[in-house]
Amino acid sequence: MEKVEQKIPEIVLNSGHKMPVVGLGCAAHPLPPSEQLVTAFIDAMEIGYRHFDTAACYGTEEALGIAVAKALEIGLIKSRDELFIASKLWCTDADHDLVLPALKQTLGKLGLEYLDLYLIHWPVRLKHGAQMFSLAEDEILPFDMHGTWKAMEECSQLGLTKSIGLSNFTCEKISKLLQIATIPPAINQVEMNVGWQQRKLVPFAKEKGIGVSAWSPLGSYGNFWGTNAIVENPIIKDIAASKGKTVPQVALRCIYQQGASVIVKSFNKERMKQNLQIFDWELTKEEMDQILQIPQLRGFAGEVFVHPAGPYKSIEELWDGDI
Ligand SMILES: NC(=O)c1ccc[n+]([C@@H]2O[C@H](COP(=O)([O-])OP(=O)(O)OC[C@H]3O[C@@H](n4cnc5c(N)ncnc54)[C@H](OP(=O)(O)O)[C@@H]3O)[C@@H](O)[C@H]2O)c1
């Protein structure tokens, strides 16, 4: 298989560890059978991906683990250290005493001794057994930021993850967390694309030394919660046409130039390859200025976590007004 020749740039996280700036998203709906997932992950490694983003709730940790073992067996990689594997703590385990067992379960599924990055998936705690898209009002519990983060720090101190971080946290929530943190979060992974450019978070995170990673960089195109608005945006289409690039390449390159890393999902070899070919050209200042004109709107507002009787009574509260 043809490999993308250019090496994916890496950034150094505040933990001192390096992270490739493009990671393969490992969430898919509907979930393909395990053999297809394993093939996709092996294809990705052959093409040049070294950063994989999974989560306890995606159902892809086992297949990724099988792919890693196979890649080692066939010599595609020489050592596990060549990979950057991230996973996430699901909301039903967002409690001090549940974090370590949850991470151990994730490691067991992946067949790994350590993760490179472990993230709190949402600033939300859910009752055991709760289903994200059909939550009853009493299943959304108060989120114990202090206890959950302390347990994340303990996981890091035990060497079970090289870096720890957050996902879907606002500037306000990060500020609160920094007041109690001994180890600062290395990453905050959030929805970010040309239609939701995270204009408040990106400079804030930069000032605090926290990396921003973009999920839904193509608007989760094709997913039931996703939108075509990114891949059909006329400004991005015009820029792509004038540069001889694809619309997804322009959308991904823009995120990179705005200072964030990119988590993009494709299980198609050609598209996986295309998504890595964003490092030997750039968007001009004029093009970036044009992209700044795109109206901004969150794609996924997190309504599922909002309830009049729950800890977040409105979308504004969940996002601390950043909507
Ligand atoms: N932290 C969080 O709360 C959170 C939330 C959502 C997602 N994530 C992470 O972020 C990753 C990426 O987000 P996402 O999967 O929602 O959306 P995305 O990466 O924005 O979009 C994925 C969709 O775009 C298609 N696609 C990819 N490259 C393409 C290309 N070059 N041309 C045309 N279509 C292309 C894919 O289809 P094909 O596979 O057919 O190419 C897939 O349907 C997830 O997989 C997950 O790891 C994190």
Side-chain angles (χ1 to χ4, degrees), residues 21-25 27 29 53 55 86 88 119-124 132-133 165-175 185 187-208 210-240 245-266 275 278 283 287-306 312 314-323:
V21 298
V22 176
L24 187 86
H29 300 270
D53 178 79
K88 312 186 193 81
L119 305 174
I120 300 180
H121 208 143
W122 282 89
V124 170
M132 180 172 173
F133 288 102
L166 309 170
S167 178
N168 301 303
F169 275 55
T170 60
C171 302
E172 282 72 8
K173 288 185 181 65
I174 296 173
S175 295
I187 285 286
N188 185 28
Q189 187 186 107
V190 292
E191 179 183 354
M192 181 171 170
N193 51 51
V194 294
W196 183 244
Q197 296 175 25
Q198 292 285 1
R199 291 183 190 151
K200 187 170 171 195
L201 179 73
V202 169
F204 171 85
K206 189 173 180 197
E207 187 209 316
K208 303 289 179 195
I210 299 168
V212 173
S213 272
W215 64 258
S216 192
L218 303 177
S220 301
Y221 173 60
N223 284 324
F224 71 92
W225 73 87
T227 170
N228 292 351
I230 308 306
V231 292
E232 286 174 8
N233 183 279
I235 293 180
I236 304 298
K237 276 180 154 179
D238 283 353
I239 295 174
K245 300 293 171 191
T246 68
V247 169
Q249 284 174 326
V250 172
L252 299 177
R253 175 74 202 186
C254 169
I255 296 171
Y256 176 60
Q257 282 189 218
Q258 286 175 334
S261 47
V262 174
I263 307 296
V264 59
K265 179 261 167 185
S266 179
N275 294 346
I278 59 167
L283 294 164
E287 288 162 342
M288 291 299 280
D289 286 346
Q290 272 180 281
I291 292 171
L292 282 178
Q293 306 305 317
I294 296 174
Q296 298 294 290
L297 186 67
R298 268 184 200 278
F300 182 70
E303 304 89 339
V304 288
F305 299 130
V306 170
Y312 299 119
S314 64
I315 288 170
E316 286 76 8
E317 270 186 30
L318 176 64
W319 298 113
D320 299 307
D322 189 16
I323 50 173

Taking distance alone, no hydrogens or angles, what donor-acceptor pairs closer than 3.5 Å link side-chain atoms of residues 215-224 to residues at least two apart or in another chain?
| residue | atom | partner | partner atom | Å |
| --- | --- | --- | --- | --- |
| Trp215 | NE1 | Asn168 | OD1 | 3.0 |
| Ser216 | OG | Ser220 | N | 3.0 |
| Ser216 | OG | Ser220 | OG | 2.8 |
| Ser220 | OG | Trp225 | NE1 | 3.1 |

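- Annotation: the span from Thr227 atom OG1 to Leu297 atom CG amounts to 8.5 Å, rounded to 0.5 Å.
- Residues Gly302 and Leu318 share a closest heavy-atom pair of O-CD2, 3.6 Å.
- From Cys254, atom SG reaches atom CD of Glu287 across 10.5 Å, with rounding to the nearest 0.5 Å.
- How far CZ of Phe204 is from OG1 of Thr170: 8.5 Å, rounded to the nearest 0.5 Å.
- For the pair Ser167 (side chain) and His121 (backbone), a donor-acceptor distance under 3.5 Å is present.
- Contacts of Ile323 classified as side chain to side chain contact (heavy atoms under 4.5 Å, CB included), with partners at least two apart in sequence or in another chain: Arg298, Ile315, Glu316, Trp319.
- Partners of Lys173 under the side-chain hydrogen bond (donor to acceptor under 3.5 Å, both in side chains) rule, at least two apart in sequence or in another chain, are Asp320.
- The side-chain hydrogen bond (donor to acceptor under 3.5 Å, both in side chains) test applied to Asp53 returns Lys88, Gln189, not counting sequence neighbours.
- Taking the salt bridge (Lys or Arg N to Asp or Glu O under 4.0 Å) definition, one finds that Lys265 meets it with nothing, sequence neighbours left out.
- Contacts classified as salt bridge (Lys or Arg N to Asp or Glu O under 4.0 Å) and involving residues 246-255 (residues at least two apart or in different chains) are not found.
- Looking only at side-chain heavy atoms (C-beta outward), Gln197 and Leu292 come within less than 4.5 Å of each other.
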Kindly indicate, with the supporting measurements, whether the criterion side-chain contact (heavy atoms from CB on, under 4.5 Å) is fulfilled by Val212 and Gln198. CA-CA 9 Å; Val212 173; Gln198 292 285 1; 5.5 Å; no
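- The CG atom of Asn193 lies 10.0 Å from the CG atom of Leu252; values are rounded to the nearest 0.5 Å.
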Could you go through Ile236 and Ile294, starting from their C-alpha distance and side-chain angles, then the distance that decides it, and tell me whether this counts as side-chain contact (heavy atoms from CB on, under 4.5 Å)? CA-CA 9 Å; Ile236 304 298; Ile294 296 174; 3.9 Å; yes
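- Here Trp196 pairs with nothing under the ring pair (Phe, Tyr, Trp, His ring centres under 6.0 Å) rule; sequence neighbours left out.
- Looking at Met288, Lys245, Gln290 one by one, the single match for side chain to side chain contact (heavy atoms under 4.5 Å, CB included) with Leu283 turns out to be Met288.
- Counting only heavy atoms from C-beta outward, the side chains of Tyr312 and Pro123 approach each other to under 4.5 Å.
- Listed by chain and number, the residues in a side chain to side chain contact (heavy atoms under 4.5 Å, CB included) with Ala240 are Val247, Val250 (sequence neighbours excluded).
- A salt bridge (Lys or Arg N to Asp or Glu O under 4.0 Å) check over residues 288-297, counting only residues at least two apart or in different chains, returns the pairs Lys285-Asp289.
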Please assess Ile255 against Met192 for the test side-chain contact (heavy atoms from CB on, under 4.5 Å), listing each intermediate value before the final yes or no. CA-CA 8 Å; Ile255 296 171; Met192 181 171 170; 4.2 Å; yes
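- Rounded to the nearest 0.5 angstrom, Asn188 CG and Ile174 CD1 are separated by 4.0 Å.
- Residues satisfying the ring pair (Phe, Tyr, Trp, His ring centres under 6.0 Å) test with Tyr256, not counting sequence neighbours, are Phe279.
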side-chain contact (heavy atoms from CB on, under 4.5 Å) between Val22 and Asn275, intermediate numbers included: CA-CA 9 Å; Val22 176; Asn275 294 346; 5.8 Å; no
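- Screening residues 192-206 for salt bridge (Lys or Arg N to Asp or Glu O under 4.0 Å), with sequence neighbours left out, gives Glu172-Lys200.
- Scored by the side chain to side chain contact (heavy atoms under 4.5 Å, CB included) test, Thr246 finds Pro248, Gln249, Gln274 as partners (sequence neighbours excluded).
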